[in-house]
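Comments concern the structure below.
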Amino acid sequence: MSNSPIGIFDSGVGGTSIWKEIHQLLPHEDTVYLADSQNAPYGPKGKERITELSIKNTELLLKKGCKLIVVACNTATTNSIQYLRENYNVPFIGIEPAIKPAALQTKSNTIGILATIGTLSSELFHKTSDLYANGVKIIEQVGEGLVPLIENGQIESPEMDKLLEKYLQPMLAAEIDYLVLGCSHYPYLIPKLKTFLPKHIQIIDSGIAVARQTEAVLNQYELLNTSQELGTCTFYSNGNIDILNDIIQYEFPATKLKF
Ligand code: DGL
């Protein structure tokens, strides 16, 4: 079982930002990545539909023999991970917006969070932010339209600039000093976000934390792959494979990839 791959899914290409951290931390693990781009964005779909799609993705990854599943999507995690954990017999790792470190470190006592409507309206997100906000003011912003632009390879576009300017404006007015990225697609916007934000604003995402948690859980279940070979990384997409390929090749030119 420890030689089996780690399964990772997202509504599209964004979860590769999590895959990248996992592959970097655990290079000997095989990974199977599933991009459900045909159904992106998950954000506006509602809990029931998001759970249905998460079930479909989980079953496909289980058919591929995965030993653990990383739900590399904040929207799918906050809406469906409880169901997945209750109904399938493999460990699940989820991703949630990194409110805690931002709330602990803010000096202006105000932080911003950019996420999908599905995440910001979920019960799990409210529980987490109530638990960790600790009197800190949180400016929530739905990033409507950002995921479809990333899925279409339009990070560098006037439409993207227009949306980001609009979404960041209320956060800048409220004097945030931390911006939490609550969607696994958004790390690909970091270079662009930096052009809109003053230098003192820190951008936080959850990628490294998810990779560390994946390692800890594999260890706990004695599922770490002991091979000394570089793991094989397999990618499945029901959308535009070129965009997925561009993102991965650009980030990891030397990775053993299979499509
Ligand atoms: N990457 C997903 C997330 O982290 C995007 C959700 C969507 O498809 O709207 O929430």
Side-chain angles (χ1 to χ4, degrees), residues 7-22 33-58 61 69-84 92-99 112-126 128-129 140-155 159-160 163-164 167 179-190 193 203-211 213-214 235-240 243-244 247-248 251:
I8 303 167
F9 77 80
D10 178 42
S11 62
V13 298
T16 56
S17 65
I18 311 298
W19 163 79
K20 181 180 79 177
E21 300 295 349
I22 293 172
Y33 183 90
L34 177 60
D36 188 17
S37 293
Q38 208 173 66
N39 291 301
Y42 280 11
K45 288 196 157 61
K47 189 178 172 76
E48 205 174 306
R49 179 70 182 135
I50 295 167
T51 305
E52 266 172 33
L53 293 168
S54 298
I55 292 171
K56 182 186 65 105
N57 297 334
T58 296
L61 290 172
I69 293 179
V70 179
V71 183
C73 174
N74 292 258
T75 311
T77 298
T78 50
N79 285 277
S80 71
I81 201 158
Q82 192 184 344
Y83 178 92
L84 298 176
F92 284 88
I93 309 290
I95 174 169
E96 283 186 69
I99 298 284
I113 168 158
L114 190 59
T116 70
I117 182 77
T119 295
L120 293 177
S121 61
S122 69
E123 230 180 283
L124 188 56
F125 171 73
H126 285 288
T128 313
S129 60
E140 294 179 13
Q141 177 64 56
V142 174
E144 192 184 343
L146 300 179
V147 167
L149 287 176
I150 298 168
E151 286 291 315
N152 287 328
Q154 289 175 277
I155 293 177
E159 291 89 337
M160 180 62 85
L163 288 180
L164 289 180
Y167 296 157
L179 171 62
V180 176
L181 302 184
C183 170
S184 57
H185 280 69
Y186 299 169
Y188 291 113
L189 299 177
I190 291 176
L193 285 165
I203 302 173
I204 301 198
D205 67 79
S206 317
I208 294 173
V210 172
Q213 179 65 5
T214 303
F235 293 85
Y236 292 95
S237 170
N238 53 13
N240 186 337
I243 288 167
L244 182 62
I247 283 189
I248 296 159
E251 293 278 334

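When a ligand or atom number is given, it counts from 1 through the structure's own listing order. Side-chain atoms are counted along with the backbone in the values below, which use heavy atoms only and exclude waters and symmetry mates.
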Note every protein N or O atom lying under 3.5 Å from an N or O atom of ligand 1, pairing the names and giving the distance.
{"unit_1": "ligand 1", "atom_1": "1 (N)", "unit_2": "D10", "atom_2": "OD1", "d": "2.9"}
{"unit_1": "ligand 1", "atom_1": "1 (N)", "unit_2": "D10", "atom_2": "OD2", "d": "3.4"}
{"unit_1": "ligand 1", "atom_1": "1 (N)", "unit_2": "S184", "atom_2": "OG", "d": "2.8"}
{"unit_1": "ligand 1", "atom_1": "1 (N)", "unit_2": "H185", "atom_2": "ND1", "d": "2.8"}
{"unit_1": "ligand 1", "atom_1": "4 (O)", "unit_2": "N74", "atom_2": "N", "d": "2.8"}
{"unit_1": "ligand 1", "atom_1": "4 (O)", "unit_2": "N74", "atom_2": "ND2", "d": "3.1"}
{"unit_1": "ligand 1", "atom_1": "4 (O)", "unit_2": "S184", "atom_2": "N", "d": "2.8"}
{"unit_1": "ligand 1", "atom_1": "4 (O)", "unit_2": "S184", "atom_2": "OG", "d": "3.3"}
{"unit_1": "ligand 1", "atom_1": "8 (O)", "unit_2": "S11", "atom_2": "OG", "d": "2.6"}
{"unit_1": "ligand 1", "atom_1": "8 (O)", "unit_2": "Y42", "atom_2": "N", "d": "2.7"}
{"unit_1": "ligand 1", "atom_1": "9 (O)", "unit_2": "Y42", "atom_2": "N", "d": "3.1"}
{"unit_1": "ligand 1", "atom_1": "9 (O)", "unit_2": "G43", "atom_2": "N", "d": "2.8"}
{"unit_1": "ligand 1", "atom_1": "10 (O)", "unit_2": "N74", "atom_2": "N", "d": "3.4"}
{"unit_1": "ligand 1", "atom_1": "10 (O)", "unit_2": "T75", "atom_2": "N", "d": "3.1"}
{"unit_1": "ligand 1", "atom_1": "10 (O)", "unit_2": "T75", "atom_2": "OG1", "d": "2.6"}

Does L84 reach the side chain of I69, with side-chain heavy atoms less than 4.5 Å apart?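 No, every pair of side-chain atoms sits at 4.5 Å or beyond.
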
Classify the side-chain pair Y188/T16 by whether it contains a donor and acceptor separated by less than 3.5 Å.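 Yes, because at least one side-chain N or O of Y188 sits under 3.5 Å from a partner of the opposite role on T16.
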
Residues forming a salt bridge (Lys or Arg N to Asp or Glu O under 4.0 Å) with E52, sequence neighbours excluded: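 R49.
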
Applying salt bridge (Lys or Arg N to Asp or Glu O under 4.0 Å), can you list everything that pairs with K56, at least two apart in sequence or on another chain?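 Expected list: D36.
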
Is there a donor-acceptor pair closer than 3.5 Å between any side-chain N or O of Y33 and the backbone N or O of F9?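 Judged by distance alone, no pair lies under 3.5 Å.
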
Taking only residues two or more places apart in sequence or in another chain, which ones pass side-chain hydrogen bond (donor to acceptor under 3.5 Å, both in side chains) with Q213?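 For Q213 there are no side-chain hydrogen bond (donor to acceptor under 3.5 Å, both in side chains) partners, ignoring immediate neighbours.
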
